[in-house]
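To keep things clear, I will list the structure first and then write my remarks on it.
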Amino acid sequence: MTSDAEIQTALPAFAPGNVAVITGGASGIGLAAAKRFAAMGMKTVIADVDGARLDQARQALAAIGGDDAVRAVAANVSHIDDVDRLADAAYAAFGAVSVLMNNAGVGNNPGKPWENRVAWRRLMDINFWGVVHGVQVFAPRMLAADKPGLIINTGSKQGITTPPGNLAYNVSKAGVKTFTEGLAHALRNEPGAKVSAHLLIPGFTYTGLTEGATEKPAGAWTGEQVIDFMLASLKRNDFYILCPDNEVARPMDEKRMAWAIGDIIENRPALSRWHPDHKDAFAAFMNG
C-alpha cells in the first residue's frame with residue numbers, strides 16, 4: 001500500500017486540512033475513500049440519500065477525524081439543486097474543495113432498450129447526470145481557487161466492454177468515460193488550471209451495488225483495496241485507473257477491451273464476444 005506521506009508529497013490536493021467531497025459516500029467505494037481521506041487528515045464531506053446509513057457513515061468518519069472535520073449532506077445527485085446545496089454546505093463549512101469524487105451510482109436494471117423508460121431515465125439521471133452536475137457545480141469554484149485539485153469520476157469496465165445484462169448501466173458508464181476524457185482534455189487546456197480529472201474503473205468490488213451478497217465474494221476486492229489502488233495510480237498521474245480484482249488481472253482486461261474495439265476495426269457484429277459465430281475466435285484470442 002502506498003503510504004499517506006508518499007501520496008501527500010506527490011499530490012498536494014490530499015494535504016492535511018484540505019477538503020474532499022465524495023458523493024455516494026455512505027457505503028462501498030465512496031465510504032472507503034472518505035475514511036482513507038479522513039485518516040490522511042483531510043476534512044470530508046459525504047453526500048448520499050438521507051437515512052440511517054448516511055448518519056452511520058458520518059459517525060464512522062467523525063471517529064477517525066473528529067466531529068469538526070466531517071459533514072454529511074443528504075443529496076440526490078440527479079437534482080442539480082441538491083448538488084448546488086452540497087457545494088454551498090462544503091464551502092461554508094470548510095472553504096475551498098481540493099478533491100471531488102463523483103461516485104454516486106445505482107445498478108437497478110430497467111431491462112430491454114424498449115422497456116421501462118422511467119427506470120432508464122432514473123438510472124441515467126443518477127449515474128451520468130449526477131457526474132455532470134458535480135463537475136458543473138464544483139469545477140468552476142475549484143479552478144477559481146487556483147489550488148491543486150483532483151476530480152475523480154467513478155466509471156466501470158461495463159462502460160468499456162459493454163457486456164449484455166444491464167444495458168442502461170453500460171450506457172451510463174460509457175457516458176461517464178467519454179465525459180471524463182473530455183473533461184481531462186478541457187482542464188489541461190484551460191490556462192493556469194491546477195485541477196486534473198481522472199477515471200476510476202473498478203473491477204469486481206463488494207459494495208452496496210453487490211446485490212444478494214451477504215458477505216464478500218472471493219473474487220471481489222473490497223472498497224479499501226480499490227482506494228489503495230486508486231491512490232497509487234494517482235501518484236503516477238494515471239488518468240485511467242483500471243483496477244484488477246481477485247479474478248481478473250490487467251492482461252485479461254486489456255485483451256477483452258482490445259477485442260471490443262476490434263469489433264469496429266474488423267467489422268464484426270456488435271458485441272461479438274457473446275455472438276455464437278465468434279465464440280471460438282474469441283476463446284483463441286484470449287488464449288493466444
Side-chain angles (χ1 to χ4, degrees), residues 4-5 7-51 53-77 79-104 130-154 183 187 190 192-198 200 223 227 230-231 234-235:
D4 291 348
I7 294 295
Q8 291 169 323
T9 298
L11 299 166
F14 288 105
N18 280 1
V19 181
V21 174
I22 306 102
T23 68
S27 65
I29 292 170
L31 181 56
K35 286 180 175 179
R36 182 71 181 274
F37 299 163
M40 295 167 74
M42 300 186 74
K43 297 171 182 176
T44 56
V45 181
I46 57 169
D48 215 308
V49 293
D50 198 11
R53 191 169 65 175
L54 180 61
D55 187 58
Q56 290 166 2
R58 184 199 62 77
Q59 293 179 44
L61 293 170
I64 297 170
D67 281 319
D68 293 340
V70 59
R71 295 290 186 274
V73 179
N76 182 336
V77 296
H79 299 154
I80 188 68
D81 290 347
D82 279 18
V83 182
D84 281 328
R85 184 168 49 79
L86 169 63
D88 289 344
Y91 279 82
F94 300 132
V97 171
S98 295
V99 177
L100 170 65
M101 192 166 175
N102 290 309
N103 173 73
V131 172
V132 176
H133 290 162
V135 169
Q136 293 195 339
V137 168
F138 281 89
R141 295 193 191 191
M142 294 174 73
L143 288 166
D146 197 33
K147 292 177 55 180
L150 297 165
I151 298 174
I152 305 159
N153 296 335
T154 301
L183 172 64
L187 287 171
E190 184 70 14
K194 298 179 181 178
V195 180
S196 60
H198 306 266
L200 175 61
I227 298 307
M230 181 187 82
L231 290 172
L234 289 171
K235 182 174 177 287

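What you see below is based on every heavy atom in this structure, not just the backbone, and it leaves out hydrogens, waters and symmetry mates.
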| task | Check whether any side-chain heavy atom of V73 lies under 4.5 Å from a side-chain heavy atom of V45, and answer yes or no. | result | yes

Name each donor-acceptor pair under 3.5 Å that joins a side chain in residues 91-102 to protein atoms two or more places apart or in another chain, with its distance.
from: S98; atom 1: OG; to: N18; atom 2: ND2; distance (Å): 3.4
from: N102; atom 1: ND2; to: N153; atom 2: OD1; distance (Å): 2.9

Between L61 and A38, the two heavy atoms sitting closest are CD2-CB, 4.2 Å

Return yes if some donor-acceptor pair links the side-chain N/O of T23 with the main-chain N/O of A104 below 3.5 Å, else return no.
yes

dist M142:CE -> L150:CG (nearest 0.5 Å) comes out at 7.0 Å

Self-check item: F37 and V21, any side-chain heavy atoms less than 4.5 Å apart
Solution: no

In terms of heavy-atom contacts, V137 and I80 come closest through CG2-CD1, 3.6 Å

Rounding to 0.5 Å, atoms CD1 (I227) and CD1 (I152) come to a distance of 7.5 Å

D4 side chain reached by R36 side chain, heavy atoms, under 4.5 Å:
yes

Separation between CG (N103) and CG (L200), nearest 0.5 Å, reads 7.5 Å

Shortest non-hydrogen pair, A74 vs D50, comes out as CB-CB, 3.7 Å

Quick note, side-chain hydrogen bond (donor to acceptor under 3.5 Å, both in side chains) partners involving residues 130-140, not counting sequence neighbours, are none

Exam field: side chain D48 to backbone L54, donor-acceptor pair closer than 3.5 Å: no

| Is the shortest heavy-atom distance from the side chain of V70 to the side chain of K43 under 4.5 Å? | no

_Using side-chain heavy atoms (C-beta onward) and a distance below 4.5 Å, is L187 in contact with L143?_
yes

**Message:** Would the distance check show the side chain of R71 and the main-chain N or O of L86 forming a donor-acceptor pair, the cut-off being under 3.5 Å?
**Reply:** no

In short, A26 meets R53 closest at the heavy-atom pair O-CG, 3.5 Å

Exercise for review: Output yes when a side-chain donor or acceptor of Q8 lies under 3.5 Å from a complementary backbone atom of F14, and no otherwise.
Suggested key: yes

Problem - N-O pairing of D55 and R58 below 4.0 Å - result: yes

A13 and G149 have their tightest heavy-atom pair at CB-CA, 4.1 Å

Between the CD1 atom in I64 and the CE atom in M42, the distance rounded to the nearest 0.5 Å is 13.5 Å

| query | Any donor-acceptor pair under 3.5 Å linking the side chain of D82 with the backbone of N76? | reply | yes

By salt bridge (Lys or Arg N to Asp or Glu O under 4.0 Å), K194 pairs with (sequence neighbours left out) D146

R85 and A75 have their tightest heavy-atom pair at NH2-CA, 4.3 Å

